[in-house]
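For this chain, numbers begin at 1 and follow the sequence in order.
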Amino acid sequence: MENNDGVACKDKYHFAIVYNAYTNVAYGDCTFLSGCYNWDTCPYIHYTRVPAINPKTFADMIKLPKQLEQAMTYKYGNVEEAVREIASEVKDGREYPAQWINTDIMKFNFRVIGRYDVIMIDPPWSIHMKLPYQQLSDNDIGNLPIGRLQDCGIIFLWVTGRVHNKGIQFLKDWGYKYVDQITWVKVNQINATIATGRTGHWLNHCKETCLVGIKGSPKANFMLDKNSIVEEVRGTSQKPDAIYGIIERMMGPAARKLELFGRVHNLRAGWLTIGNQLPGVNLVEPILKRRYQRYL
Ligand code: SAH
């Protein structure tokens, strides 16, 4: 407003410093900014987007203990509101609103859900770090009956550095040809490359990798998007939203889309999301509802 003769600037983000009792401006910016785990004690400078998040919501948000809730609050205000909003979202006639099943994937009967044109999996690979959810062994992940979820289609599998080669092997075991990979370069809240990754043993890991596999000869719009994403780091393990755009443009709106090991913020119109941190079951597609009742 000050620089534009009183007219608010609409096409840029604006940030304001969050002053808490423990903030010490002399320390400068927190390296982790919005990804900081220590909101309620960190003396470094943190910012809030204005006016997208009002100061009251932000104050509530920084008191939330869990990273997931923090991420949800950041995006929607609160978790219940997010679930309600997502469940009612229908983008076009051919697409169902977000559907989800809370279950233990290790024990889940995959017959219930049928076949998919595209699958995204972000498995809870074991890493040497305390995480706010259950982790699985490599064998547990490799033994999942992923092969039966697709006759012909595309798979996107997120891997960490340690399991990069194993992920490629699993794709082959599940019946896919490993064809490509997408790199997510992590940036912080103010769009700068992050200086300190939270993982890695020899180098700071500031990127993540999603392997791409193909089974059969799926019809898709190839060569539309690039193999890199530059997006902000949010909650622990949370993947960038840009991946959905890439997949949806590649597969088209009618494609059946499945995400395994998804959380609340992954719920999305046109997708079925499965994970053990989701709020119950929400099925809309008639055939899926019937199968769910018959097999479970
Ligand atoms: N891609 C997600 C992050 C996934 S983290 C994002 O963008 O936020 C892995 C998730 O898998 C966690 O929610 C964890 O609770 C869940 N999970 C771990 N073991 C599971 C199991 N056996 N069945 C279902 N979900 C499981």
Side-chain angles (χ1 to χ4, degrees), residues 12-83 85 122 124-135 158 160-162 184-208 229-241 261-267 275-279:
K12 295 269 190 336
Y13 289 147
H14 295 85
F15 295 90
I17 293 180
V18 181
Y19 292 99
N20 288 307
Y22 41 81
T23 305
N24 187 337
V25 179
Y27 287 2
D29 290 353
C30 168
T31 326
F32 297 110
L33 292 178
S34 56
C36 180
Y37 289 155
N38 305 310
W39 288 104
D40 42 359
T41 53
C42 180
Y44 291 85
I45 298 178
H46 293 90
Y47 296 94
T48 180
R49 270 235 326 256
V50 282
I53 302 173
N54 73 44
K56 161 105 184 41
T57 316
F58 193 76
D60 289 343
M61 164 181 142
I62 61 179
K63 280 191 213 103
L64 282 171
K66 284 194 247 107
Q67 192 77 7
L68 169 67
E69 287 183 13
Q70 204 174 25
M72 290 313 302
T73 313
Y74 183 69
K75 197 164 163 191
Y76 294 103
N78 67 54
V79 178
E80 290 77 33
E81 195 183 309
V83 170
E85 189 171 306
D122 181 18
W125 301 108
S126 308
I127 60 170
H128 301 290
M129 226 173 110
K130 209 169 155 293
L131 290 174
Y133 52 76
Q134 177 200 355
Q135 299 177 46
W158 289 95
T160 60
R162 179 183 69 79
W184 165 35
V185 177
K186 299 172 172 184
V187 292
N188 66 18
Q189 194 186 14
I190 54 175
N191 239 6
T193 316
I194 54 174
T196 323
R198 289 191 194 273
T199 56
H201 294 287
W202 300 278
L203 293 167
N204 277 311
H205 285 184
C206 296
K207 60 145 181 150
E208 293 206 22
I229 294 172
V230 178
E231 202 179 297
E232 189 183 338
V233 187
R234 296 173 296 175
T236 308
S237 314
Q238 189 173 355
K239 300 300 181 286
D241 287 343
F261 300 106
R263 296 184 290 184
V264 174
H265 48 237
N266 301 115
L267 301 178
N276 66 6
Q277 292 185 313
L278 296 170

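Taking the six-membered ring where tryptophan is involved, the planes of Tyr27 and Tyr44 are tilted, since the angle between them lies from 30° to 60°.
The heavy-atom pair separating Gln238 from Trp184 by the smallest distance is O-CH2, 3.4 Å. When all heavy atoms of His46 and Cys36 are compared, the pair lying nearest together is NE2-CB, 3.4 Å. Residue Cys206 comes nearest to Ile194 through the heavy atom pair SG-O, 3.4 Å, listed as atom of the first residue, atom of the second, then distance. Scanning all heavy atoms of the two residues, the minimum distance from Val18 to Thr23 falls at O-OG1, 3.5 Å. Smallest separation of non-hydrogen atoms from Gln277 and Val264: O-CG2, 4.0 Å. When all heavy atoms are compared, the tightest approach of Lys186 to Val233 is CB-CG2, 3.3 Å.
No side-chain heavy atom of Phe261 sits less than 4.5 Å from a side-chain heavy atom of Asn266. In this structure the side chain of Tyr37 reaches within 4.5 angstrom of the side chain of Thr236, judged on heavy atoms.
A donor-acceptor contact shorter than 3.5 Å links the side chain of Trp125 to the backbone of Trp158. Side-chain atoms of Asn24 come within 3.5 Å of backbone atoms of Ala26 as a donor-acceptor pair (strictly under, hydrogens ignored). A donor-acceptor pair is defined here as one N or O able to donate and one able to accept, closer than 3.5 Å; no such pair exists between the side chain of Lys207 and the backbone of His205. Side chain of Asn188 to backbone of Ala192: a donor-acceptor contact under 3.5 angstrom is found.
The pair Asp241-Arg234 meets the salt-bridge criterion, since a charged nitrogen lies less than 4.0 angstrom from a carboxylate oxygen.
A donor and an acceptor atom, one from each side chain of Tyr47 and Asp29, are located under 3.5 Å apart.
To the nearest 0.5 Å, atom OH of residue Tyr133 and atom OG of residue Ser237 are 2.5 Å apart.
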